[in-house]
Enquirer: 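Mind looking over this structure? Questions follow.
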Amino acid sequence: FAYNRHMDYEIRYTNSHYPRLRIKGGRPYVTAPSRYKNSASGTAAIERFVRANENWINEKIAEYNAVCEKMMPGLMDMAAFYMHGVRMPAYADDKLKRIKLEPDLLRIPRGITRKEAASQLKRAYTRIAETALHELLDIQAARTGYRYTEFGLTNAAGKWGSCAKNGKILLNWRLILIDPSLAVYVAVHELCHTVHLDHSKEFWASVERVIPEYKKLRAKLKKLSFVT
């Protein structure tokens with residue numbers, strides 16, 4: 001990532017002739033000519049390009065945030081908390097020293113800082129995800145007949161899951177925040193990669209055999225990319 005006093009943005013250098021700009025996941029991404037790399041004049045040119053498009057960037061980010069807020073209100077600024085796609089009530093508790101995440105209720109120590117709350121909440125979610133997503137993967141493995149060699153959680157931004165060549169599957173712990181049907185789709189998707197490591201026609205056919213409506217789920221999952 002690069003930074004100037006205006007905003008953060010990520011730069012990718014390619015053989016392009018001119019800098020280009022796109023917004024993905026609420027973040028600006030600049031594609032710049034490779035000749036700009038390790039060049040003071042190139043860096044300056046990118047910064048001028050970003051500043052010139054600052055209004056457009058801010059408009060697109062605002063549009064993105066509005067969509068996120070509509071889909072899962074309060075999630076982006078920690079004004080609300082979710083489990084399996086359902087908004088959970090949260091209560092401040094004078095007796096607690098640490099966040100307590102119950103099946104349908106979140107108890108928060110009164111006076112806790114936002115930073116510490118975010119840290120504690122992530123640990124609480126990952127503890128639940130470790131068991132819940134492992135069980136989900138086992139259920140879907142039995143359903144599909146596909147085997148994996150190892151399971152783990154991932155915190156990777158923008159990725160719901162992955163499958164390595166050796167059959168190790170990683171699932172993003174944030175899957176427990178969204179609709180369970182989407183978590184099922186991700187698990188099946190990664191299990192199908194144990195047989196097809198690409199996104200070939202054969203791969204998608206194997207997904208469709210298990211989840212005929214996978215295209216709808218995949219489209220919905222893309223809209224929820226902000227969760228990761």
Side-chain angles (χ1 to χ4, degrees), residues 1 9-34 37 60 64 67-68 71-72 84-85 122 125-126 128-228:
F1 276 88
Y9 52 91
E10 184 170 335
I11 304 172
R12 181 176 175 231
Y13 295 97
T14 68
N15 292 326
S16 59
H17 295 289
Y18 305 100
R20 291 176 293 171
L21 182 64
R22 66 189 176 105
I23 305 297
K24 182 180 179 182
R27 286 178 173 177
Y29 288 79
V30 176
T31 300
S34 56
K37 193 173 184 180
K60 292 301 178 183
Y64 175 84
V67 171
C68 298
M71 295 187 71
M72 296 183 78
H84 305 311
K122 180 182 175 181
Y125 274 132
T126 52
I128 293 174
E130 181 72 38
T131 300
L133 295 180
H134 200 171
E135 290 178 352
L136 171 66
L137 193 61
D138 282 343
I139 291 170
Q140 298 310 315
R143 177 187 180 192
T144 61
Y146 296 146
R147 296 182 179 181
Y148 67 95
T149 58
E150 190 178 350
F151 163 78
L153 295 180
T154 179
N155 189 47
K159 292 189 70 173
W160 290 110
S162 64
C163 178
K165 289 182 179 180
N166 64 0
K168 179 179 180 178
I169 290 179
L170 300 178
L171 297 179
N172 196 308
W173 64 265
R174 296 175 183 85
L175 283 168
I176 66 170
L177 305 184
I178 62 178
D179 191 306
S181 64
L182 300 175
V184 169
Y185 162 69
V186 173
V188 170
H189 182 114
E190 300 307 335
L191 283 165
C192 289
H193 275 315
T194 63
V195 178
H196 308 282
L197 284 172
D198 52 16
H199 287 103
S200 61
K201 290 181 179 179
E202 291 76 15
F203 167 79
W204 289 115
S206 66
V207 174
E208 189 171 24
R209 279 193 294 271
V210 183
I211 306 179
E213 72 283 12
Y214 84 88
K215 290 182 180 180
K216 291 182 179 179
L217 297 175
R218 186 178 179 223
K220 188 173 182 180
L221 200 61
K222 284 186 176 181
K223 292 179 181 179
L224 288 168
S225 62
F226 66 89
V227 178
T228 63

Enquirer: N166 and Y148: side-chain donor and acceptor closer than 3.5 Å?
Expert: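 Side-chain D/A pair, N166 to Y148: absent.
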Enquirer: Taking the side chain as everything from C-beta on, heavy atoms only, tell me whether L170 gets closer than 4.5 Å to K168.
Expert: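 Sidechains of K168 and L170: in contact.
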Enquirer: When rounded to the nearest 0.5 angstrom, what distance separates OG1 in T131 from CD1 in I128?
Expert: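 Atom-to-atom, T131:OG1 and I128:CD1 are 9.0 Å apart.
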Enquirer: If you compare all heavy atoms of A32 against all heavy atoms of I11, which two are closest, and at what distance to 0.1 Å?
Expert: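 Looking at all heavy atoms of both residues, the shortest contact is CB-CG2, 4.2 Å.
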Enquirer: Taking the inter-plane angle between the rings of H189 and W204 on a 0 to 90° scale, is it parallel (under 30°), tilted (30 to 60°) or perpendicular (over 60°)?
Expert: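 H189 vs W204 ring planes: perpendicular.
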Enquirer: If you take all heavy atoms of S206 and Y146, which pair is closest and at what distance?
Expert: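 Smallest interatomic distance, heavy atoms only, reads CB-OH, 3.6 Å.
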Enquirer: Under 4.5 Å between any side-chain heavy atoms of V210 and R143, yes or no?
Expert: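 SC-SC contact between V210 and R143 confirmed.
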Enquirer: Just wondering, do T154 and S162 contact through their side chains at under 4.5 Å, heavy atoms?
Expert: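 S162 vs T154: side chains apart.
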Enquirer: Locate the shortest heavy-atom distance separating N15 from S34; write the atom from each residue and the value.
Expert: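 Here N15 and S34 meet closest at OD1-OG, 3.9 Å.
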Enquirer: Of the non-hydrogen atoms in A183 and L136, which two are nearest, and what is the gap between them?
Expert: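 Taking A183 first and L136 second, the nearest heavy atoms are O-CD2, 3.6 Å.
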Enquirer: Are the side chains of R12 and Y29 in contact, using a 4.5 Å heavy-atom criterion?
Expert: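 Not in contact.
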Enquirer: As an exercise, state the distance from SG of C192 to CD1 of I211, rounded to the nearest 0.5 Å.
Expert: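 Reported value, rounded in 0.5 Å steps: 8.0 Å.
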Enquirer: Does the pair Y9 and L21 meet the rule for a side-chain contact (heavy atoms from CB on, under 4.5 Å), with working shown?
Expert: CA-CA 10 Å; Y9 52 91; L21 182 64; 5.9 Å; no
Enquirer: How long is the straight-line distance from CD1 of I178 back to CG of N172, given to the nearest 0.5 Å?
Expert: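 Interatomic distance, N172 CG to I178 CD1, rounded to 0.5 Å: 8.5 Å.
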Enquirer: Run the side-chain contact (heavy atoms from CB on, under 4.5 Å) test on L182 and L175 for me, step by step, so that the C-alpha distance in whole Å, both residues' side-chain angles and the decisive distance to 0.1 Å come before the verdict.
Expert: CA-CA 8 Å; L182 300 175; L175 283 168; 5.7 Å; no
Enquirer: With side chains defined as the heavy atoms from C-beta onward, is the minimum distance between E150 and I169 less than 4.5 Å?
Expert: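 Not in contact.
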Enquirer: Let's go through V227 and W160 carefully: what are the C-alpha distance in whole Å and the side-chain angles of both, what is the deciding distance for side-chain contact (heavy atoms from CB on, under 4.5 Å) to 0.1 Å, and is it a yes or a no?
Expert: CA-CA 10 Å; V227 178; W160 290 110; 3.8 Å; yes
Enquirer: If you round to the nearest 0.5 Å, how far is CD of Q140 from CD of E190?
Expert: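 Taking CD in E190 and CD in Q140, the distance rounds to 12.5 Å.
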Enquirer: Any non-hydrogen side-chain atom of H84 less than 4.5 Å from a side-chain atom of D179?
Expert: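 Not in contact.
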Enquirer: Report the distance from atom CD1 of I139 to atom OG1 of T144, rounding to the nearest 0.5 Å.
Expert: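 So the gap between those two atoms works out to 12.0 Å.
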Enquirer: Ring-plane angle category for Y214 and Y185, please: parallel below 30°, perpendicular beyond 60°, tilted otherwise.
Expert: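 Parallel: the ring planes of Y214 and Y185 meet at under 30°.
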Enquirer: Hey, could you give me the CG/CH2 distance between L153 and W173, rounded to the nearest 0.5 Å?
Expert: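 So the gap between those two atoms works out to 10.0 Å.
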Enquirer: Would you say that T194 contacts C163 through its side chain, given a criterion of any heavy-atom pair below 4.5 Å between the two side chains?
Expert: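 They are in side-chain contact.
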Enquirer: So do T31 and Y18 actually touch side chain to side chain, heavy atoms under 4.5 Å?
Expert: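 SC-SC contact between Y18 and T31 ruled out.
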Enquirer: For P33 versus P19, what's the shortest heavy-atom pair and its separation?
Expert: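 Scanning both residues, the minimum pair turns out to be CD-N, 3.9 Å.
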